[in-house]
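To start, the structure under review is shown below, and the notes come after it.
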2 protein chains.
Amino acid sequence: MNDDKTTRTTVRNITDLARLAGVSAGTVSRALAGKSLVNAKTRERIEALAREHGFRPNQMASGLRRQKTSVVGVIIPLGHDVRQQISDSFFMTLLGHLADELTHEGYDLMLRRVVPDNDPDWLDRFIGSGMIDGVIVIGQSDQFDRIEDVADGYNPMVVWGNHTEGQRHCVVGTDNRLGGRLAAERLIAAGARRLAFLGDTTAIEFAARFAGAQDAARRLGIGPIMALPTHLSPERASAEIAAHLAAHAGAIDGIFAATDTLAALCLTELRGHGFAVPEAVKLVGFDDLPIARQTVPPLTTVRQDIAAGARALVDLLLRRLAGETTESLVLPPELVVRKTA
Amino acid sequence: MNDDKTTRTTVRNITDLARLAGVSAGTVSRALAGKSLVNAKTRERIEALAREHGFRPNQMASGLRRQKTSVVGVIIPLGHDVRQQISDSFFMTLLGHLADELTHEGYDLMLRRVVPDNDPDWLDRFIGSGMIDGVIVIGQSDQFDRIEDVADGYNPMVVWGNHTEGQRHCVVGTDNRLGGRLAAERLIAAGARRLAFLGDTTAIEFAARFAGAQDAARRLGIGPIMALPTHLSPERASAEIAAHLAAHAGAIDGIFAATDTLAALCLTELRGHGFAVPEAVKLVGFDDLPIARQTVPPLTTVRQDIAAGARALVDLLLRRLAGETTESLVLPPELVVRKTA
DNA sequence: GACTCATTTGCAAACGATTGCAAGATTCCG
DNA sequence: CGGAATCTTGCAATCGTTTGCAAATGAGTC
């Protein structure tokens, strides 16, 4: 009387279910995994019972035994600017797309944000945890070398970031240097002659954008571009931009912002300081985030295809999980001309 | 000669390391877990070896044995508006804060976005996977009832969303109704009389904001507020807002947008249609996202304290993991007056 | 030296699912 | 009806770590 079948019997594991179904644990496992080796009727009976009791095989145990977790790690190193987290909607958007793509491929996503300065071991620790089948690193930050080290001994890793000649880790990213060139060319074509770059060049992606802009300036016979170091978090950035503007008032007539977020803030500050955009100062951003459409005037910017980037990251990672070794992928940036330059 | 100790010996598990250290697996386990039962010298030797070989205990195995994974699930149901994902920077910001808080407490974060319509079992499936110790649900979407059902049998769950009298699941969220009231009161105080609400009232949070606004209108003797259903994704929203404006041209002089994102889009459309803000039409948003500061003119809005929300979610979840049963927490919204109303 | 008591250790049984192997049950064919 | 071929199923080992229990060691006391 204590095991009336209609009573809620707690089914904690495959063995409980096996007992209920009157078969062995192995059979239940095979039935639930959808293998062909099990009789159709038996399978149905087991599936019905599983449904009825809301039973799902424990993924930890399964992962342990199969040596495969079906979880992909996504890690964001916050190296050069710890507070970027809140501001950078670019990374967050990329993350959203990654979640969609991975889900679609049957993987779960384990997210970790780390401050490499506090924890030099950040990447190995994640990989060595045994919880993930592979890892996607979002942004190289200032950790290029460490990522290179890891890449030598660990195959299923793909990185979003900048591509450098001869690097050993597989990276997906926009051609930042070309993007920087496009931005500067546009500023110059719009009439700007005294250019400045707004952003923190410690981050390798930003450095590349800056370098590209300088290439263009040099080639077109324009003087060197002034670097105006600026953090990404809105709280700090606003003040820093204001300071830059105060210091270099009339000496600038074209600004290339490392990010649309920075560009938008810069636009606000420019207005506050009484500079007309684009008449007095031209401005170009980077990313083409939704905000670029909504500023006044709307922002001329360099577009990165975030969705395509996410697709590529996942695709390459899956190939690597399957044993291939894949090449890096550099995506072309695209100049979007709106009203600020 | 094939096991020269200085040669890279692959240490795959605790047993390998035990062999190297000349002790048993159990001792290694205790040493690495920092238990007091192991001799100081032995521990040091083991730790040194572990470091040298970059060994870390497998979390899957550990989780299986201890019945505790140190992973918290974060799940985003995309019920009422599947494409909200890309746009809603509110959720993404919340997610960022959650990641920080959880990391700080020694938990990892497993992220999953689901479309409940395609998978009615979304929540049980996540919980039953055995991969997570507890779950944080971001947004109730249109899944209130299902969440209630689950809450009855599963304790370690906390939800971000709207609080309803007598509900059974533990929720953290802003007092949306009060927020809506504040917004409407501000619009009316600024002189608006014919109000509209911009947003999709299928989402329970938005419905509460709408209801709060209606309370205020009624109490102040203003006519009913017109509901203008609008999706959250920028692509669809822009067109929908334009259509609303075209249809109800002069019949509106005050708009309460369910979200700052919508408010910003609305501002752009209003400008496009030649309406002066705040002179012809007053506008109030919700959230106080960074963008609210940057629109032209800057947006009057109702602030939600996202960081505090994330802290509360994690705090309550940890308490529930420890066995407590916790009450819901309703956070007070705050009106931030800028220039649009 | 015999005794107790506290430290350290090893042993082996879990945790829950998967899977190679072999045995049992069926079917098929002559 | 015998025997081979094909399906199904059960058994038991395995994934890597943790932990209760008991044994071994060492220290301290009279």
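Letters A, B, ... mirror the listed sequences (proteins, then strands); counts begin at 1.
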How long is the gap from CD on B/E44 to CD1 on B/I46, to the nearest 0.5 Å? 11.0 Å

Mind calculating the distance between NZ (A/K41) and P (D/dT8) to the nearest angstrom? 12 Å

To the closest 0.5 Å, what do you measure between CE (B/M157) and CZ (B/F126)? 12.5 Å

Separation of D/dG10 atom C1' from A/N39 atom CG, nearest Å, is 15 Å

Nearest 0.5 Å, what's the CZ-NE2 distance between B/R146 and B/H169? 13.5 Å

Measure the shortest side-chain to side-chain distance between A/I204 and A/T164 over non-hydrogen atoms and say whether it is less than 4.5 angstrom. yes

For nucleotides 15-25 of chain C, 5' to 3', base contacts (B), sugar-phosphate-only contacts (S) and non-contacts (-) with protein non-hydrogen atoms under 4.0 Å give BBBBBB-----

Measure the spacing between CD1 of B/I76 and CG of B/L94 and express it to the nearest 0.5 Å. 8.5 Å

OP1, OP2 of C/dT9 versus side-chain N and O of B/T42: anything below 4.0 Å? yes

